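Not measured: the values here are computed from a predicted model.
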Amino acid sequence: MPDRRITRRSALIGMALSSAWAASPARALTSAADKRDVPGFVNDLIARMTIEEKAGQLTLMASAWGGSSATALNPPGKGSNFDQQVADAAAGKLTGVFNGNGAAMAQRMQSAVMAHSRLKIPLIFAADVIHGHRTIFPVPVGEAASFEPELATRTARVAAFEAAGSGIDWTFAPMVDIARDQRWGRSMEGAGEDVLLGRLFAAARVRGFQGTDLAANDAMLACAKHFAAYGAAEAGLDYSTVDVSERTLREVYFPPFQAAFDAGCGTTMASFNEISGVPSTANHWLLTDLLRDEWHFPGLVVSDYTGDEELIAHGVAADGREAARLAIMAGVDMSMQSNLYWLHLPGLVKDGLVPIERVDQAVRRVLATKAMVGLFDDPFRRIDLAREKSRSLLPASRKLAREAATKSIVMLKNAGAVLPLDKAARVALIGPFGTGPQDVIGGWNVYGDDHVAVDLATGLREAGGAVTVVRGCDVHSAIPGGIDQAVAAAKGADVVLLAIGESQDMSGEAQSRADIGVPAAQVALAEALVATGKPVVVLLRNGRGLALQAPVQAAAAILVTWFPGTEGGHAIADVVYGAVSPSGRLPVSFPYATGQEPYHYDHKATGRPQPDGPLQPYKAHYRDLPDAALYPFGHGLTYGDVVYSDLRLSTTQIGAGEAITITATLTNSGRHAVEEVAQMYIHTRSASVSRPVRELKAFQKIALAPGQSAQAQFRLTRADCAFIGQANRPVVEPGTIDLWVAASAQDAGLHGQFTIIT
Ligand code: NOJ
């Protein structure tokens with residue numbers, strides 16, 4: 001509950017302090033400067049700062065307000081040290097805080113700083129607004145399944161509208177890490193395994209968060225994270241060692257960051273992991289040689305949470321002082337949560353171990369960032385208690401959440417066209433995810449509220465479905481009599497909807513899994529239900545690609561619903577009852593077994609590829625499994641039946657500066673309107689470095705009414721065929737390129753070829 005006493009009081013204080021701010025030294029400098037001439041006033045301000053004030057501007061801490069999970073506007077809890085944190089902020093020890101609880105907190109802190117700090121440099125308020133603020137959209141990997149980057153721009157816009165409305169200036173999003181190993185729980189937070197999808201969604205989300213005017217009160221600064229290769233952790237173990245080649249960094253892990261920066265992303269976060277022995281937080285090559293000198297990134301680098309302090313555990317720093325020195329000298333401008341910069345920078349500068357110029361450079365970036373988001377013009381520009389409420393969970397936002405969730409759903413299988421269901425069908429809704437507010441909105445949301453989310457049972461019933469609900473088992477364990485009750489319910493129904501998979505705490509940060517199957521208790525339930533002979537439709541709840549066990553695979557139909565967000569139940573009902581045809585495509589491959597991980601469709605051929613057909617000795621294959629995905633990247637069925645034909649290439653040769661146009665005809669020979677995602681892949685047959693068996697180069701989502709044909713059209717330039725060559729720089733080499741227009745990374749589709757000539 002909001003604390004009205006504090007709220008009213010701080011509102012008044014805020015008003016008074018806006019005028020105090022107008023007369024402050026920092027304000028005097030900013031108004032003297034041309035608004036476009038930000039560096040001028042920033043440098044003047046830096047000239048007036050003590051080394052302690054500078055260290056404070058480089059120190060970000062978690063908010064000590066009353067907690068930070070799914071609560072709105074709650075006041076500081078008993079025993080909280082929030083008052084101490086306010087005093088620290090006013091004493092210039094902090095640049096801002098993150099993951100606090102809204103406008104009331106921001107107003108208390110900003111007011112104190114404006115009233116009592118020497119230079120009155122506004123605080124910046126940050127938060128992990130990952131897939132929505134109050135209105136929660138599908139988890140990012142689910143949203144990427146829409147193959148509709150523009151959708152991600154729209155959802156990020158709403159997230160910014162709500163979050164900036166509650167005092168947040170800066171989101172620690174988007175996460176743009178490529179996830180080629182589904183054991184890694186943070187696969188949930190990104191756009192999946194593919195580089196093109198990763199680039200497009202990175203840029204789309206940045207555009208949505210930042211809008212067209214970063215200083216607007218409905219825009220927030222974005223942060224592309226985690227720089228870099230965080231998703232390449234050995235064995236999918238979060239935080240673990242990364243050792244990938246520079247070529248793979250440049251070809252796979254860096255491009256989404258470059259796309260985010262090209263879209264104007266103002267900040268990036270150094271990743272926790274090491275790369276080849278050097279933790280990112282201490283990696284001068286990564287954060288300075290590459291990021292600044294080669295890419296000319298003008299923005300701010302923040303550490304991850306205690307990332308600098310963790311240099312000690314990594315074994316590259318002896319103590320906190322050395323850790324701080326390594327981090328700032330590598331290029332980390334702002335230290336998150338360890339307080340090491342505050343503690344050690346003054347001494348390090350005094351002892352000549354860190355040049356003051358490097359500190360000033362970091363402070364300049366921080367102040368320029370604060371200026372960019374409009375804080376020097378008005379420190380209270382995003383802090384408005386009324387706006388915080390009036391922007392929260394608006395009907396239009398919920399409508400968008402329903403659209404996004406609907407588009408995120410991927411139909412893996414639909415044997416006998418069991419879906420869509422007739423509303424008259426008697427449905428037994430079984431499984432641990434059938435009812436209840438938990439596990440609908442998904443992890444990594446700080447401000448979402450389970451209790452305003454629509455669960456499956458509610459969604460199905462509101463759609464007019466006749467639904468009997470039986471739990472059957474818990475996420476990880478059987479419940480007494482659970483299977484018997486479930487089987488009885490199935491026998492009395494026409495169809496079983498089986499809601500199984502992962503709970504939301506099973507994916508996300510530190511949620512690596514050594515077995516990415518459905519938990520055993522749920523598999524036993526699936527087995528018993530399939531044995532009834534009733535049609536079983538599995539509704540998967542998941543934050544990663546899963547290795548589905550045989551009883552789950554045996555279901556008649558399987559829908560991947562991810563963690564669908566606030567409107568999840570409505571969206572799933574829309575697809576189950578056929579109001580909308582499923583249109584999502586897998587952004588991550590579903591392997592046959594966990595042992596195949598890391599699995600990604602764009603792997604290399606090896607020198608001994610297994611040909612189609614029976615297994616041959618001494619070829620690259622497993623004894624016990626196909627060397628392929630059960631459901632590959634790009635896979636997803638619709639209620640229609642789309643046939644691909646008539647592939648045409650505008651030319652068979654691409655010379656310097658030329659491009660090729662590729663067309664194919666798509667015909668919906670089914671009885672339902674659909675949206676088909678046509679995908680265009682290439683493979684370079686022979687080059688100076690080996691190339692993936694397929695690489696996605698373009699895709700197009702096409703609406704097709706029953707019986708309708710339409711043309712998919714792609715343009716491929718010579719530059720699109722570039723890759724990272726032996727010298728670790730992009731090259732285009734002459735040679736033959738295979739091309740497919742297909743429905744997934746493993747679909748034979750339509751095949752053509754062309755040649756790149758010198
Ligand atoms: C650690 C996570 O790795 C990062 O993604 C997040 O932004 C910070 N904590 C702050 O919550």
Could you go through Thr638 and Met411, starting from their C-alpha distance and side-chain angles, then the distance that decides it, and tell me whether this counts as side-chain contact (heavy atoms from CB on, under 4.5 Å)? CA-CA 7 Å; Thr638 68; Met411 186 161 72; 5.7 Å; no

Is the side chain of [X] donor-acceptor paired with the backbone N or O of [Y] at a distance under 3.5 Å, no angle test?
X: Arg585; Y: Gly636; value: yes
X: His570; Y: Thr458; value: no
X: Ser512; Y: Gly236; value: yes
X: Tyr639; Y: Val575; value: yes
X: Ser408; Y: Ala145; value: no

Is [X] salt-bridged to [Y], going by a charged N under 4.0 Å from an acidic O?
X: Arg402; Y: Asp574; answer: yes
X: Glu150; Y: Arg154; answer: yes
X: Glu143; Y: Arg205; answer: yes

Taking salt bridge (Lys or Arg N to Asp or Glu O under 4.0 Å) as the definition, give me every residue that meets it alongside [X], ordered by chain and number, with sequence neighbours left out.
X: Asp128; answer: Lys225
X: Asp439; answer: none
X: Asp169; answer: Arg382
X: Asp384; answer: Arg387

Salt bridge (charged side-chain N to carboxylate O under 4.0 Å, His left out) assessment of Lys407 paired with Glu675: CA-CA 10 Å; Lys407 288 178 169 173; Glu675 286 196 301; 5.1 Å; no

If you look only at pairs with a residue in residues 165-195, which of them pass as a ring-ring contact (aromatic ring centres under 6.0 Å, His included), with sequence neighbours excluded?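 Checked against ring-ring contact (aromatic ring centres under 6.0 Å, His included) - neighbours excluded - the pairs reaching residues 165-195 are Phe98-Phe172, Trp170-Phe172, Trp184-Tyr230.
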
Let me see the working for Cys223 and Phe209 under side-chain contact (heavy atoms from CB on, under 4.5 Å), right down to the final yes or no. CA-CA 10 Å; Cys223 180; Phe209 289 135; over 6 Å; no

In terms of the angle between their ring planes, are Phe147 and Phe699 parallel, tilted or perpendicular, with boundaries placed at 30° and 60°? perpendicular

Identify, with sequence neighbours excluded, every residue that meets side chain to side chain donor-acceptor pair (under 3.5 Å) alongside Gln210. none

